[in-house]
Amino acid sequence: MPATDPSLDLDFVRGLYPDPCWNWAFFENAGGSYVPESVIIRVADYMRETQVQPGANYQASAKAAERIANGQRLMAELIGAAADEVIIGPSTTMNVFVLAKALGGMFTPGDEIIVTNLDHEANIGAWRGLAGDGMGIREWPVNAETGNLEIETLDGLLGDRTRLVCFSHCSNIVGRINDAKAITQRVHDAGALVAIDGVAYAPHRSLDVKALDADFYMLSLYKLFGPHVSLLYAKRGHLEKVPGQNHFFLNDRIPLKLNPGGPNHEFTAALAGIADYFEALAGHHLDQPPNTFKARTDAVFALMTSHENALAAGFNEFLSSKPNVRQLGSDTGNSEARTPTFSFTVKGRPSAEIPPLLETDKVAIGCGNFYAPRLLAALGVGEENDRAVLRVSMAHYNTKDEVDRLIAALDEAI
Ligand SMILES: Cc1ncc(COP(=O)(O)O)c(C=O)c1O
């Protein structure tokens with residue numbers, strides 16, 4: 001559904017966040033995004049009004065259960081899933097760990113799992129750990145020149161014993177978006193399942209896990225303007241089959257059976273605040289808001305993406321003009337194929353020395369391996385740069401003025 005005005009009203013957007021957010025030009029959004037007031041209010045309301053164990057009949061308890069279920073249902077809708085296909089856990093790292101333990105119980109020694117060297121370690125290490133149970137682990141490496149995951153390389157790895165392929169929808173380093181649908185189709189044709197890390201994708205594009213035909217899909221809600229919890233989607237049929245990780249008497253409770261213990265109550269309830277945020281943006285920007293929450297969020301994401309693309313283009317132009325800068329990844333200027341996350345090194349400079357130089361201008365960027373050291377090694381980021389990259393990651397609430405501030409400060413520093 002097209003918006004009447006195709007551009008995001010940044011004053012309106014930023015007015016939905018606490019004022020102190022805007023003291024700094026913040027470009028470490030891939031680490032964790034800002035949280036709008038609507039989420040903060042929901043956490044506070046839950047704790048103020050419903051600070052009891054949910055699930056009993058008395059008023060506060062019934063209300064607490066309703067709030068938790070509502071938060072979970074809305075996040076399921078946001079990604080195109082059913083409410084009972086979504087598990088809210090403490091982090092994606094923990095969710096993958098739990099999933100790996102559960103699926104490990106369904107595989108037999110000699111079965112194979114394919115992992116990449118592109119992903120955040122969250123979607124690698126837990127799977128590699130299954131080698132201890134006799135599973136074969138095969139690596140799907142990126143093209144070392146481009147940083148791209150190539151489907152032709154995967155073809156050579158898929159075989160009769162492949163049970164699972166784990167990959168990311170988008171890299172948290174090079175920002176490139178992988179064709180998750182095509183990869184999933186290829187994996188399904190080979191008779192295996194997919195576990196997709198969507199953490200770096202979800203804050204930038206609308207998502208439909210059913211359209212992707214994903215078996216398992218992970219995202220971290222604290223990077224999607226929410227509180228510090230993460231979501232694991234699993235197809236209902238898989239949830240029915242996986243061994244329970246919770247108490248034995250909860251083995252028929254879907255999705256609760258997969259998660260040892262329950263979700264964080266106040267944060268799960270406060271996920272409704274993410275929905276409030278999208279609704280506020282839809283109400284403000286869309287002339288004729290579509291009928292469903294999912295369609296409204298899709299329309300809002302379209303506005304976000306186009307604003308982010310404009311910001312990214314300006315920054316990419318700057319980085320590309322610097323002869324002493326090496327950008328990682330090949331799709332640097334291709335906004336269709338990437339999110340506004342840029343990683344780069346400066347010739348002859350340890351990366352860690354750059355961010356402090358920007359702080360006097362109140363510009364925050366990231367530096368490190370961002371838990372993807374296998375990718376940095378594959379792309380040849382070495383001692384000269386501390387085995388670390390500089391990362392600028394934007395969100396839809398960043399402004400052109402902030403990007404100009406970033407460019408001016410970086411230009412001086414490098
Ligand atoms: C792409 C990607 N996957 C997974 C994770 C891990 O998420 P969590 O902190 O929820 O464990 C991160 C965190 O930065 C990430 O960027």
Side-chain angles (χ1 to χ4, degrees), residues 24-34 92 117-123 142 146-148 168-178 197-204 220 222-224 308-309 311-320 322 324-335 337-347 349-359 361-382 384-398 402-403 405-407 409-411 413-414:
W24 281 65
F26 181 62
F27 292 105
E28 230 305 79
N29 295 286
S33 66
Y34 281 160
T92 291
N117 61 355
L118 172 85
D119 287 36
H120 183 286
E121 193 63 18
N123 200 29
V142 292
T146 61
N148 293 349
S168 51
H169 202 168
C170 176
S171 159
N172 65 328
I173 301 287
V174 298
R176 182 173 199 269
I177 297 171
N178 292 311
D197 177 343
V199 172
Y201 180 89
H204 302 287
S220 298
Y222 68 91
K223 301 184 200 258
L224 185 62
E308 290 178 358
N309 286 351
L311 294 183
F315 185 66
N316 179 56
E317 199 176 311
F318 162 73
L319 275 189
S320 310
K322 293 278 133 193
N324 58 341
V325 164
R326 176 191 171 208
Q327 274 198 71
L328 270 62
S330 64
D331 283 309
T332 52
N334 180 355
S335 61
R338 62 163 305 140
T339 57
T341 295
F342 294 86
S343 291
F344 54 99
T345 53
V346 182
K347 205 168 183 326
R349 302 275 294 273
S351 294
E353 86 182 32
I354 307 286
L357 302 175
L358 313 186
E359 286 173 16
D361 294 306
K362 294 201 168 154
V363 172
I365 67 169
C367 172
N369 65 21
F370 303 102
Y371 289 16
R374 297 174 200 269
L375 177 64
L376 298 201
L379 297 181
V381 176
E384 181 190 47
N385 306 115
D386 278 347
R387 299 190 188 283
V389 291
L390 295 158
R391 185 173 73 176
V392 165
S393 55
M394 303 175 182
H396 66 279
Y397 45 62
N398 284 125
E402 287 176 334
V403 175
R405 235 162 95 195
L406 164 70
I407 289 175
L410 250 183
D411 201 20
I414 63 179

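Every value quoted in this text rests on a predicted model; they were computed, and no experiment measured them.
- Counting all heavy atoms, side chain and backbone alike, Ile414 lies closest to Asn324 at O-ND2, 2.7 Å.
- Looking only at distances, no side-chain donor or acceptor of Ser220 sits under 3.5 Å from a matching main-chain atom of Lys223.
- To the nearest 0.5 Å, atoms SG (Cys367) and CG (Asp386) are separated by 6.5 Å.
- Remark: of the listed residues Phe26, Trp24, Tyr222, Phe26 is the sole one forming a ring-ring contact (aromatic ring centres under 6.0 Å, His included) with Tyr34.
- Qualifying salt bridge (Lys or Arg N to Asp or Glu O under 4.0 Å) partners for Arg405, counting only residues two or more places apart in sequence or in other chains: none.
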Between Leu410 and Ile354, does a side-chain contact (heavy atoms from CB on, under 4.5 Å) hold up when you go through it step by step? CA-CA 8 Å; Leu410 250 183; Ile354 307 286; 4.1 Å; yes
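- In this view, Ala377 satisfies the side chain to side chain contact (heavy atoms under 4.5 Å, CB included) rule with no residue, not counting sequence neighbours.
- In this structure Asp331 satisfies the side-chain hydrogen bond (donor to acceptor under 3.5 Å, both in side chains) test together with Arg176, sequence neighbours excluded.
- To the nearest 0.5 Å, atoms CG (Leu358) and CG (Leu406) are separated by 7.0 Å.
- Of all the heavy atoms in Thr341 and Ser393, the pair that sits closest is OG1-CB, 3.7 Å.
- Screening residues 362-374 for side-chain hydrogen bond (donor to acceptor under 3.5 Å, both in side chains) gives Glu121-Arg374 as the qualifying pairs, with residues at least two apart or on separate chains.
- Under a 3.5 Å cut-off, the side chain of Thr146 and the backbone N or O of Asn148 do form a donor-acceptor pair.
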Can you list the steps and then say if Ile173 with Leu328 is a side-chain contact (heavy atoms from CB on, under 4.5 Å)? CA-CA 8 Å; Ile173 301 287; Leu328 270 62; 4.2 Å; yes
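- The ring pair (Phe, Tyr, Trp, His ring centres under 6.0 Å) check on Phe344 picks up nothing, with sequence neighbours excluded.
- For the side-chain hydrogen bond (donor to acceptor under 3.5 Å, both in side chains) test, residues two or more places apart in sequence or in another chain that qualify with Arg349 are Glu353.
- Minimum interatomic distance between Leu118 and Gly147 (heavy atoms only, all atoms of both residues): CD1-O, 3.8 Å.
- The backbone N or O of Gly366 sits nowhere less than 3.5 Å from a side-chain atom of Glu28 that would complete a donor-acceptor pair.
- Taking each heavy atom of Thr345 and Ala388 in turn, the nearest pair found is CG2-O, 3.8 Å.
- To the nearest 0.5 Å, the span separating CD on Glu308 from NE2 on His396 amounts to 7.5 Å.
- Shortest non-hydrogen contact noted between Ala200 and Thr339 is O-CG2, 4.1 Å.
- With sequence neighbours left out, the salt bridge (Lys or Arg N to Asp or Glu O under 4.0 Å) criterion links Glu384 to no other residue.
- Note that the CD1 atom of Ile407 and the CG atom of Leu319 stand 8.0 Å from one another [nearest 0.5 Å].
- Here the straight-line distance linking atom OG of Ser33 with atom NE2 of His204 works out to 9.0 Å at 0.5 Å rounding.
- Under the rule for a side-chain hydrogen bond (donor to acceptor under 3.5 Å, both in side chains), His120 has no partner lying at least two apart in sequence or in another chain.
- Partners of Asp411 by salt bridge (Lys or Arg N to Asp or Glu O under 4.0 Å), not counting sequence neighbours, listed by chain and number: Lys322.
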side-chain hydrogen bond (donor to acceptor under 3.5 Å, both in side chains) between Tyr397 and Asn29, worked out: CA-CA 10 Å; Tyr397 45 62; Asn29 295 286; 2.5 Å; yes
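- Taking Phe370 as the reference, nothing meets the ring pair (Phe, Tyr, Trp, His ring centres under 6.0 Å) condition, with sequence neighbours excluded.
- Distance alone, capped at 3.5 Å, is enough to place a donor-acceptor pair between the Asn398 side chain and the Ala395 backbone.
- With values rounded to the nearest 0.5 angstrom, Arg391 atom CZ is found 13.5 Å from Phe27 atom CZ.
- In this structure a side-chain-to-backbone donor-acceptor pair under 3.5 Å is missing from Asn385 to Arg387.
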Pair Ser171-Leu375, side-chain contact (heavy atoms from CB on, under 4.5 Å): steps then yes or no: CA-CA 10 Å; Ser171 159; Leu375 177 64; 4.1 Å; yes
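- Annotation: side-chain hydrogen bond (donor to acceptor under 3.5 Å, both in side chains) contacts of Asp119 (sequence neighbours excluded): Thr116, Asn123, Ser168.
- Taking Asn316 as the reference, Ser320, Gln327, Thr332, Phe342 meet the side chain to side chain contact (heavy atoms under 4.5 Å, CB included) condition, with sequence neighbours excluded.
- Across all non-hydrogen atoms, the minimal contact from Arg338 to Asn334 is CG-O, 2.9 Å.
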